[in-house]
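Read through the structure below, which is laid out as structure tokens, and then see the notes.
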Amino acid sequence: MEYTAVAELIALNGGRLVGRTRLQKSVYLLQACGINLGFDFDYHHYGPYSDELASAARDAEALGMVDVEWKTAYGNEYAIFQSKVPVGDFPNFDKASEVLRILSKYEATVLELAATADFLSKNGYRNDAWEETKRRKATKITAQRLEQSKALLGELKTLH
Amino acid sequence: MVFVDHQGGCLLQSNADSAHEVLSTIGGTVAKLQRVRDPLHDLIIFTESDFEGLMWEALNSREFQRLRRIKQLGFSELVYPGATHTRFAHSAGVFHVARQLASLIKTRIGKIDPDRANVAMAAALVHDVGHGPFSHAFEDAMKQLGKGKEQKPKRHELWTADIVTGDTELGAVLSKAGAEFRDSIAALLKNESPTDIYSAIVSSQFDADRLDYVRRDRLMTGAQHGGFDYPWLLANLEVDKIPLAIDGEHYAEAETLILGGKAFQAAESYVLGLFHMYFAVYFHKATRSAEKLLTALVCRVGELLDKGDVDKSGLPANHPLVRFLRNSELSEYLALDDFVVWSSLHFMAEAADEVCRDLSSRLLHRRLYKAIEIGDHFAGRDDAVARFKMRLREAVANQVFSATDVFEDQTNRTPYKLRGYESSEAMAKIHIRKPDGSYEDLARRSEVVKALQSKSIYRVYVRDDAIGERVRKLAEGL
């Protein structure tokens, strides 16, 4: 079931994952690397987003497979997910671990920018995905984050 | 690109030379004052100024006029017969409110960037032109048809941007003020995070869209929930800078609209009013049942088209709905509206395909699926709801139920997004001024807002009583 996939993914990420943005974009990028967890992504206000994943995360919490703790920073609350289940039979275990290791080096905003550019490149912006990402995320896309987002996608590509 | 306000109002005035340029590009005629009688705002006036003349022209473009054929609340009229107001009326109202907000920003910060203000007001006017028929139900159908495919359907915001920048009548009108003008409108509508105070006019807790629809929907449905002190709220709007963060990581700061301390009670009513409107109107079970039927019906036509059996849907091959499902281009999208969908139901009610026949006939005659409130049944036991979902999905996968026997409906409304998804939820908060001049989150200051809990809905719509009984049995023992 979907909620098991969420709980096991968090387990694979060292048992802990910070933030719903990171959760959404991590699953998107894992699937973009060919590790299919069965979630369908559409474009939401903030880039690729899966309703099913958001719902599965709530179900995993309701079923006691994941604990969610809320913290506050800069006036905003954010979630810290802790898995209470073992990793189990996670698909493509080694590659998934490596993807998560790479993602852990980058901040959530960079994950969002990279996931957005990847999604846009497959949805009508093959040649100008980064330009369109800049248009949609003008406040987030500093020169440094743009460089990091490209570096992140470059690293993931070497795993293909 | 600069416009002059001929009314002598200094709001939009910057320099006369540029205004002459614009005037010559729109044909050398001074626009005539135009008035729209609106049930919410009374007179909405488009002055003789170049800018407002252009906005009037935009309102008369064919893409904007299409909004007369798209209802603001879709199927809500099946519950609230008065709720037949259109996105056209709403959009004109949003322009009116945007103009009030621009004027207010000027008063608060003591100056205005007329170009940015004009872009924001124009964006407010056209923000809904990309809506399809029965907006969210139709979008859900597109989403379901796109499942598993790499190419995903466009949301209405992106259709709006395409209409503004594309080869359309509206695009041509807006480009009279320069290509940069319409590109800036599209960029503002697409931008997901605030760039400056003008973006608050189109995207914030007090944006023009929300300040119009909450009151308009209340008026037109006749619902008595959702009232709040609009003039007082507006009179107490101020400008300040707030931090933006994702997952606890700070990434920028942005100017937005916050509230003065004297509007504390008005802010509480605003939060409560919107929350009540969601459950009384937007999430009404009969409205959502009709939406589920339409989503399933459009999906069915899409499936028949994929199989080469579209004739079984009862629709002719050149019907606008079939043409759009075959080729999702802008020109085909613009041929769709609520009227096209309603009239297609008569064709589909006589379809060879049983699913099309049944669903369209039900919509035509308001024979809706009945809702079983599973969430209410388990009264806050989220674990039981999650287990029920698992059982139901297994039953559907094992064909205990057919694809159209049951429809799941799950949604959630947080009265106040203390824990919203992602960064821009910082913009979804209400910040209220403290006596020392700083501000704080309303949820930290108001015991009422603090006490409000997120409310989830989980319903199953069932085709008939026998199926309803089987669904209820699934809930046993949980």
Side-chain angles (χ1 to χ4, degrees), chain A residues 1-3 17-25 38 40-49 51-52 54-56 58-65 68 70-80 107-112 116 119 122-124 132 134-142 145, chain B residues 139 142-144 146-155 157-158 161 183 186-187 190-195 199 203 242-254 381-387 389-390 393-394 410 412 417-426 429 431 440-441 444 456:
Chain A
M1 298 305 282
E2 292 97 337
Y3 48 75
L17 191 146
V18 178
R20 286 187 285 191
T21 304
R22 182 171 291 276
L23 176 63
Q24 284 281 340
K25 303 326 177 204
D40 207 61
F41 282 81
D42 288 285
Y43 198 88
H44 203 256
H45 292 298
Y46 312 109
Y49 174 83
D51 283 338
E52 297 156 359
S55 170
R58 283 194 295 271
D59 287 348
E61 184 188 2
L63 293 169
M65 300 169 86
V68 183
W70 291 93
K71 298 265 189 189
T72 306
Y74 306 101
N76 289 296
E77 295 206 352
Y78 62 97
I80 298 178
E107 61 181 20
T109 318
V110 172
L111 265 58
E112 178 184 328
T116 299
F119 184 95
K122 294 163 183 166
N123 280 276
E132 184 64 13
K134 279 187 209 171
R135 276 193 283 273
R136 296 187 190 190
K137 299 183 183 294
T139 318
K140 291 174 185 165
I141 200 155
T142 59
R145 288 194 193 116
Chain B
E139 271 188 1
M142 293 301 107
K143 209 165 137 180
Q144 285 187 29
K147 264 196 177 161
K149 296 177 185 163
E150 196 169 74
Q151 187 80 29
K152 297 296 181 185
K154 273 185 198 161
R155 290 162 56 95
E157 294 92 340
L158 296 179
D183 287 347
K190 273 185 179 182
N191 205 340
E192 296 153 11
S193 40
T195 46
S199 61
S203 177
I242 63 162
L244 303 176
I246 293 180
D247 292 353
E249 299 165 3
H250 176 259
Y251 72 86
E253 294 205 327
R381 283 187 50 221
D382 293 344
D383 59 327
V385 174
R387 287 194 181 90
K389 272 190 237 175
M390 186 169 65
R393 285 171 195 177
E394 276 172 3
Q410 55 181 332
N412 174 280
K417 290 186 176 174
L418 191 67
R419 293 171 177 177
Y421 171 69
E422 292 223 15
S423 55
S424 283
E425 299 304 358
K429 290 177 186 303
H431 296 90
E440 71 179 337
D441 187 339
R444 302 197 188 285
S456 297

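Since the structure is predicted, the reported quantities are computational estimates derived from the model, not experimental observations. Sequence lines set the chain letters: A, B, ... in the order given, protein chains first and strands last, and positions in each chain run from 1.
- For the atom pair CG of D40(A) and CD of Q144(B), the computed distance is 10.0 Å after rounding to the nearest 0.5 Å.
- Under the 4.5 Å side-chain criterion, counting only non-hydrogen atoms from C-beta, D59(A) is not in contact with M390(B).
- Only the backbone of F41(A) has a heavy atom closer than 4.5 Å to any heavy atom of chain B.
- When all heavy atoms of D247(B) and A108(A) are compared, the closest pair comes out as OD2-CB, 3.4 Å.
- If you measure heavy-atom distances from K154(B) to chain A, you find no contacts under 4.5 Å at all.
- In this structure, NZ on K122(A) lies 11.0 Å from NZ on K152(B), to the nearest 0.5 angstrom.
- In this view, E52(A) and K147(B) satisfy the salt bridge (charged side-chain N to carboxylate O under 4.0 Å, His left out) rule, not counting sequence neighbours.
- Results of the side chain to side chain contact (heavy atoms under 4.5 Å, CB included) test with Y251(B) over T139(A), V110(A), T142(A) single out T139(A) as the only residue that passes.
- For E157(B), the part sitting under 4.5 Å from any heavy atom of chain A is the side chain, from C-beta outward, and nothing else.
- Residues N123(A) and E150(B) come closest through the heavy atom pair ND2-O, 3.4 Å.
- By the salt bridge (charged side-chain N to carboxylate O under 4.0 Å, His left out) test, E132(A) is found to be paired with R135(A), R136(A), K190(B), residues two or more places apart in sequence or in another chain being considered.
- Using a 4.5 Å cut-off between heavy atoms, R145(A) contacts chain B through its side chain alone, with no backbone atom that close.
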>> Test side chain to side chain contact (heavy atoms under 4.5 Å, CB included) on S55(A) and K389(B); report intermediate values, then the result.
In response: CA-CA 11 Å; S55(A) 170; K389(B) 272 190 237 175; 3.7 Å; yes
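- Neither the backbone nor the side chain of K71(A) comes within contact range of chain B, judged by heavy atoms closer than 4.5 Å.
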